There are 2 protein chains.
Amino acid sequence: MLTDGVIYPLVFADVALFSIQERDLCVLLARRANDPEANKWALPGGILKPMIDASLDQTAVRIIRDKVGVSAGCVEQVRLFSGATRDPRGYSLSQLYCALLSKDQVCAVAGLKTSEVGWVPVKLATDKELAFDHGVMLTEALQFLRAKIKHRALPLHLLNATFSLLDLQDACSLILGSPVDKSSFRRRMKAETCIRPVQGQFREGAYRPAQLYQATPDFQF
Amino acid sequence: MLTDGVIYPLVFADVALFSIQERDLCVLLARRANDPEANKWALPGGILKPMIDASLDQTAVRIIRDKVGVSAGCVEQVRLFSGATRDPRGYSLSQLYCALLSKDQVCAVAGLKTSEVGWVPVKLATDKELAFDHGVMLTEALQFLRAKIKHRALPLHLLNATFSLLDLQDACSLILGSPVDKSSFRRRMKAETCIRPVQGQFREGAYRPAQLYQATPDFQF
DNA sequence: CATGTTATTGGCGGCGTGCAACTAAGTGTG
DNA sequence: CACACTTAGTTGCACGCCGCCAATAACATG
């Protein structure tokens, strides 16, 4: 990092990858294998590889693929962290990303590659002592996600291809950490153009079947 | 940049610095003196100097200070641009910042340091051919600013220490590029805690004097 | 058929907004 | 001094959206 008299900063992408597991909003954490902050839990991240990554955004995509084996929809920049002291290896930049994974995608991976990676409910994760400044990162990623939901974005990437309105409402409620009114939520969804009911498709199981919905092509989280 | 076999990216901070001049929303542009894209207009920017800048955010602050001689309130990250092709010098990262300057601050600088820096109305600036990907940057910085105003943030940093409600309304209107309803705007401002009327202070001049307001301590952006 | 559980809809009051008109205060003119 | 003009600030009203509460619909189980 110090070479021709000039200091080059280390450049990382760190990802807060969210998913819903067992009726809880969870974040993917990885236990650090190597030396700086070894054995501590951290957000999955990696260094920019200019020969491989067309951009730092692509670094984030690559990291997700490496960790869980699937490509997440909706990978978005949250904030850039930088400074000389946040990583003992030297002056560093870390771009924080927020990404969502559906239950279908999580199940497709079955077991994660290593036992050193796991889904942790965000309530527990924010209490954990994370490596570096990843505790702050997780908090900001959550704020970012909550702000989007408050501004009426829909977390469709957290859901399967078809879903009931209650699934969607629950996802919003889990992210916000507060209940969402059923009747006004459904009213809004009826007027929404980015989801539509799948004619004749209903959730089977107990009691009254629920109409299933799917995202329309023009949807961007 | 290529030294010990590893490629280190160049790291820049670029700033979209806005101010209101002659009833127009303007952005500060600098004419490039040196070789890549020489003579083209660009957003003021500079390279990260790890020995000087405690963080990349501080790089942005330093750049503003160097260009206009004052420190802007409210310097915020917009988006990180990265890739191998956006700058001919090699793989680069540019963090885009959005910052606001009040008329008072602009006047305090009197003339800008060089004639190669100037305030350009955003309507003209978006038409200009800017260097690198700065055209996209300017567009995104504007979107960023507009989104904040739509979400009911107040651009107090664009105004002087004391201001009339019409000043504030005009600032919002200029940013949005569309008229703002006077009556509902004033209703909102009455309920707002981040500004308060200055007792007994009125704008002098022609016709009926306008009550002057100021920001309260608890104001952020 | 009664009961429980989930799905879906409807009514109602409150709040904020956009629109339009109105009042208030000061300047300028004949 | 009456009157027109300009800017400042208010008021009334209709509309839309939201939260709250309740009702109805569809299905399962005993």
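Below, chains carry the letters A, B, ... as their sequence lines are ordered, and counting in each starts from 1. No hydrogens, no waters, no symmetry mates; every other heavy atom, side chains included, goes into these values. No experiment lies behind these values; they were computed from the predicted model shown.
For C:dG18, the base has a donor-acceptor partner in the side chain of B:Arg187 [N/O atoms by modelled type, under 3.5 angstrom]. If you check distances only, the side chain of B:Arg208 never reaches the base of C:dA25 with a donor-acceptor pair under 3.5 Å.
Atoms NZ (A:Lys190) and P (D:dC18) sit 14 Å apart, rounded to a whole Å. Atom pair B:Asp170:CG and D:dT7:P shows a separation of 11 Å (rounding to whole Å applied). Separating the CG atom of B:Leu176 from the C1' atom of C:dG18 is a distance of 15 Å, rounded to the nearest angstrom. Between the CD atom of B:Gln169 and the C1' atom of D:dA8 there is a distance of 11 Å, given to the nearest Å. One interatomic measurement links the two molecules: CD of B:Glu204 to C1' of C:dA25, which rounds to 15 Å at whole-angstrom precision. Atom-to-atom, CZ of B:Arg186 to P of C:dA24 comes out at 16 Å; the value is rounded to the nearest Å. Per the geometry, CZ belonging to A:Phe202 stands 12 Å off C1' belonging to D:dA25, to the nearest Å. Atom C1' of nucleotide D:dA8 and atom CD of B:Gln201 are separated by 17 Å, given to the nearest angstrom.
Counting any heavy atom pair closer than 4.0 Å across all strands shown, A:Arg152 reaches sugar-phosphate atoms only and no base atom. Within 4.0 Å of B:Leu166, counting heavy atoms only, lie sugar-phosphate atoms of the nucleic acid but no base atom.
Here the side chains of B:Leu43 and B:Leu96 are in contact, with some heavy-atom distance below 4.5 Å.
Of the candidates A:Ile20, A:Leu29, A:Leu28, A:Leu28 is the only one forming a side chain to side chain contact (heavy atoms under 4.5 Å, CB included) with A:Trp119.
Nearest to the side chain of A:Pro209, among C:dA25, D:dC27, C:dT9, sits D:dC27. Counting only heavy atoms from C-beta on, A:Tyr207 has its side chain closest to C:dG4 among C:dG4, C:dC19, D:dA8. The side chain of A:Ser183 has C:dG11 as its nearest neighbour among C:dG18, C:dG11, C:dA7.
Using the six-membered ring where Trp is involved, B:Phe163 and B:Tyr213 have ring planes that are parallel, under 30° apart on the 30 and 60° scheme.
Here CG of B:Leu212 is found 11.5 Å from CD1 of B:Ile195. Values are rounded to the nearest 0.5 Å. Rounding to the nearest 0.5 Å places CE of B:Met137 at 14.0 Å from CG of B:Leu142.
Residue order along DNA chain C, read from the 5' end via each residue's closest nucleotide, puts B:Arg188 first among B:Arg188 and B:Lys182. Nearest-nucleotide positions on DNA chain D for A:Asp181 and B:Gln211 put B:Gln211 closer to the 5' end.
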